[in-house]
Amino acid sequence: MKTVTINQLSEYEGQDVELKGWVYNTRNVGKLWFIIFRDGTGLLQGVVVKGEATDESFLLENDLNQEDSIILNGTVRKEPRSIGGYELGVKEIEVVKHVTDEFPISHKEHGADFLMSNRHLWLRSKRQNAIMRIRHQVVRAIRNFFDNNGFTLIDSPIFTGNAVEGTTTLFEVDYFERSAYLTQSGQLYQEAGATAFGKTYCFGPTFRAEKSKTRRHLTEFWMVEPEMAYVNLDENMTWAENLVGYIVKQVLANCEVELSTLERDIDKLNAVVPPFPRMTYDEAVNLLKDNGSDFKYGSDFGAPDETLLSEKFDKPILIHRWPAEIKAFYMKRDEHDSDLALGVDMIAPEGYGEIIGGGQREDDLDILVNRIRHHDLPLEPFQWYLDLRKYGSVPHSGFGLGLERTVAWICGTKHIRETIPFPRTMSRLEP
């Protein structure tokens with residue numbers, strides 16, 4: 001008998017198969033009972049009928065517990081009313097292991113703190129399974145997009161000797177009798193990669209010691225960061241919108257069941273097709289004020305500002321040319337207005353906030369040295385970075401896309417902590 005998985009059942013209609021997994025739930029309807037079974041690829045309803053199943057298997061109904069590990073043997077039947085459109089006519093149930101204690105997470109409602117403390121078990125739930133599968137598809141789409149468009153993966157280090165996004169959110173660690181920092185971004189190293197390969201990207205964890213408890217923040221999160229030589233700000237924005245459009249398209253094509261499980265309004269996702277609206281920072285500020293905001297010019301946008309802006313569009317919006325004083329030292333200034341930096345943020349629809357930040361980099365050595373000094377950063381850790389302006393400097397641009405915020409928006413989740421397998425926040429280091 002062939003061992004298969006739930007997501008393969010359509011290939012085995014009418015055949016006897018074996019499945020290995022765990023008990024999700026059971027219910028009785030008289031002379032037969034049902035077992036809801038999971039194997040990591042989906043959920044399946046098994047129908048256990050007296051006379052069709054072995055006597056030992058039929059009598060297991062009251063002995064099975066949630067999360068008992070079992071092996072099912074039976075016949076695959078098409079059943080549109082069942083989960084996934086197929087069910088299993090069970091012939092035999094083999095118990096691999098009974099759980100010794102009652103499973104902590106029942107099918108009733110639980111508080112968020114309890115669920116996060118049991119995150120290692122909560123991942124087995126239907127909703128969390130759907131979110132992680134969508135996350136997997138987003139990661140796959142990101143890699144395929146860059147790999148299929150001539151980018152080379154160049155991994156950036158986790159330990160760094162310098163800040164990228166300012167010194168206030170650095171995690172400092174002891175590194176063989178000197179200080180090192182957990183990376184805030186792989187961007188600077190991708191700039192080195194771009195001058196060697198033309199177009200590169202890195203994809204990995206980044207860290208911000210930001211004392212924020214909002215639903216949009218984590219202290220450890222994943223970011224994909226492309227960098228491109230001979231690319232200006234406008235071209236950079238086109239790459240960004242094409243990436244996001246591709247991600248959404250791939251999720252819609254491959255995650256229909258998961259989006260349905262999450263009750264996601266896919267009409268809103270279907271609208272996410274490039275090109276996206278573009279506006280300057282000044283235009284965005286005027287839009288805020290026209291809608292009753294008392295936003296102060298020169299400030300960064302907060303969550304309420306981003307939400308108000310995003311409500312005006314059914315696609316992500318690209319906001320570019322920001323006040324230079326609120327952007328990083330490496331941002332190139334606008335040649336027509338030196339008070340503006342050639343930066344860009346992409347704001348997701350439906351109030352999910354910034355999912356991309358990037359811009360054109362300063363390529364002039366003297367200007368970059370002065371900017372580093374202006375930001376009160378030590379020059380020594382940046383000497384290698386300055387070499388990129390000494391030897392073959394060219395106009396170049398890039399951006400970083402936050403994986404968890406992107407997944408949260410696509411899934412329609414309320415809190416970013418659901419979008420990463422084991423979230424790290426100010427108050428949580430376990431599990």
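A donor-acceptor contact closer than 3.5 angstrom links the side chains of Glu418 and Gln128. Under 3.5 Å, the side chains of Asn162 and Thr160 contain no donor-acceptor pair of N or O atoms. A donor-acceptor contact under 3.5 angstrom links the side chains of Thr238 and Arg278, judged on distance only. With no hydrogens or angles considered, no side-chain donor-acceptor pair links Thr261 and Glu258 at under 3.5 Å. Side-chain contact, Glu191 with His396: a donor N or O sits under 3.5 Å from an acceptor N or O.
When atom types are taken as modelled, the side chain of Arg417 and the backbone of Arg215 share no donor-acceptor pair closer than 3.5 angstrom. A donor-acceptor contact shorter than 3.5 Å links the side chain of Thr206 to the backbone of Phe221. In this structure, Thr41 contributes its side chain and Asn7 its backbone to a donor-acceptor pair below 3.5 Å. Of the possible donor and acceptor atoms, none in the side chain of His136 sits under 3.5 Å from a partner among the backbone N and O of Ile134. Side-chain atoms of Arg405 come within 3.5 Å of backbone atoms of Glu354 as a donor-acceptor pair (strictly under, hydrogens ignored). Side-chain atoms of Ser260 do not come within 3.5 Å of backbone N or O of Glu256 as any donor-acceptor pair. Gln66 places a side-chain N or O within donor-acceptor distance of the main-chain N or O of Ile105, the cut-off being under 3.5 Å.
Listed here is the closest heavy atom pair of Asp305 and Leu288: O-CD2, 3.6 Å. Among all heavy-atom pairs drawn from Pro277 and Phe313, the shortest one is CG-CD2, 3.6 Å. Taking all atoms of both residues into account, the shortest heavy-atom contact from Phe203 to Leu153 is N-CD1, 4.3 Å. Pairing each heavy atom of Phe399 with each of Asn236, the nearest pair is CD2-OD1, 3.3 Å. Minimum interatomic distance between Lys327 and His375 (heavy atoms only, all atoms of both residues): O-NE2, 3.8 Å. Annotation for Asp39 and Lys20: closest pair CB-O, 3.3 Å, computed over non-hydrogen atoms.
Centroid-to-centroid, the aromatic rings of Phe159 and Tyr175 come within less than 6.0 Å. For Trp239 and Phe146, the distance between ring centers is not under 6.0 angstrom. In this structure, Tyr297 has its ring center closer than 6.0 angstrom to the ring center of Tyr281.
A salt bridge links Glu67 and Arg124; the closest N-O separation between the charged side-chain nitrogens and carboxylate oxygens is under 4.0 Å. Ion pairing between a basic and an acidic side chain is recognised when a charged N comes within 4.0 Å of a carboxylate O; Glu404 and Arg216 show no such pairing. Under a 4.0 Å N-O distance rule, the pair Asp363/Lys332 qualifies as a salt bridge. Ion pairing of Arg333 with Glu362 is absent here, as no side-chain N (NZ or NE/NH1/NH2) approaches a carboxylate O to less than 4.0 Å. Salt-bridge formation is not detected for the pair Arg77/Glu79: no Lys NZ or Arg NE/NH1/NH2 atom is positioned less than 4.0 Å from an Asp or Glu carboxylate oxygen.
For Tyr230, the OH atom sits in a loose shell: 12 or fewer heavy atoms of surrounding residues, nucleotides or ligands are nearer than 6.0 Å. Residue-environment remark: CD (Glu283) exceeds the threshold of 12 foreign heavy atoms within 6.0 Å.
Just one of Val23, Asp68, Ile93 meets the side-chain contact (heavy atoms from CB on, under 4.5 Å) condition when paired with Leu60; it is Ile93. Tested against Tyr201 for a side-chain hydrogen bond (donor to acceptor under 3.5 Å, both in side chains), the candidates Asp147, Thr152, Asn149, Asp155 yield a single pass: Asp147. Checking each of Ile319, Ile347, Asp345 against Phe301 for a side-chain contact (heavy atoms from CB on, under 4.5 Å) leaves exactly one that passes, namely Ile319. Each of Lys199, Gln190, Arg361 was compared with Glu227 under the side-chain hydrogen bond (donor to acceptor under 3.5 Å, both in side chains) criterion, and only Arg361 meets it.
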For Thr307 and Ser310: C-alpha separation, side-chain torsions, deciding distance, then whether side-chain hydrogen bond (donor to acceptor under 3.5 Å, both in side chains) applies. CA-CA 5 Å; Thr307 298; Ser310 71; 5.3 Å; no

Intermediate values then yes/no, side-chain hydrogen bond (donor to acceptor under 3.5 Å, both in side chains), Glu61 and Asn28: CA-CA 8 Å; Glu61 177 189 356; Asn28 184 289; 2.7 Å; yes

What do the steps show when you test Leu233 against His320 for side chain to side chain contact (heavy atoms under 4.5 Å, CB included), and what is the final call? CA-CA 9 Å; Leu233 177 63; His320 57 94; 4.1 Å; yes

